[in-house]
Amino acid sequence: MTYEAKDHEVKLYFYDDGPGIADIKQAMQRGYSTASPIAHMNGFGAGMGLDNIRRLSDQMIIESSPRGTRLTLIFKVGVKDE
């Protein structure tokens, strides 16, 4: 993870070199999870991650391939909606 803060904006950059996300549109759906049944039994894999991140950030950019995933989150700071 890296970040950039300037003016009225904070950008967070996340990178991984995992297997990537095969279907980003599907992964963005509330409740979607790739967790195993055992993970679900242990309270993990609720499928709320990407959907919640999108709703809480001002802008979310996600790119994925079999070589990994890049996620950029942008937050407006000190800017009032009119």
Those residues that, when tested against [X], pass side chain to side chain contact (heavy atoms under 4.5 Å, CB included) (two or more places apart):
| X | answer |
| --- | --- |
| Leu56 | none |
| Asn42 | Ile38, Phe44 |
| Phe14 | Met1, Leu12, Leu71, Leu73 |
| Asp23 | Lys25, Gln26 |

With Glu63 via salt bridge (Lys or Arg N to Asp or Glu O under 4.0 Å) - residues at least two apart:
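With neighbours one apart ignored, the set is empty.
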Identify the heavy atoms of Ala35 and Ala39 that sit nearest to each other, and give their distance.
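Answer, listing the atom of Ala35 first, then Ala39: CB-CB, 3.9 Å.
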Residues which pass side-chain hydrogen bond (donor to acceptor under 3.5 Å, both in side chains) with Arg54, listed by chain and number, not counting sequence neighbours:
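Once residues adjacent in sequence are excluded, the partners of Arg54 under the side-chain hydrogen bond (donor to acceptor under 3.5 Å, both in side chains) criterion are Asp51.
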Please go through Met41's hydrophobic cluster and name the other residues, only I, L, V, M, F, W, Y counting, with side-chain heavy atoms under 4.5 Å joining them.
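Members other than Met41 - counting any ILVMFWY side chain reachable under 4.5 Å - there are none.
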Tyr13: hydrophobic cluster co-members (side-chain, 4.5 Å)
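Reading the cluster by chain and number, Tyr13 sits alongside Tyr15.
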Contact between Gln59 and Lys11 at the side-chain level, heavy atoms closer than 4.5 Å - yes or no?
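They are not in contact (no side-chain heavy atoms under 4.5 Å apart), so the answer is no.
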Between atom CG of Leu50 and atom CE of Met28, what is the distance when rounded to the nearest 0.5 Å?
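Those atoms lie 5.5 Å apart.
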For residues 66-79, which residue pairs qualify under side-chain hydrogen bond (donor to acceptor under 3.5 Å, both in side chains), counting only residues two or more places apart or in two chains?
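Sorted result for residues 66-79: Glu9-Lys76, Ser64-Thr69.
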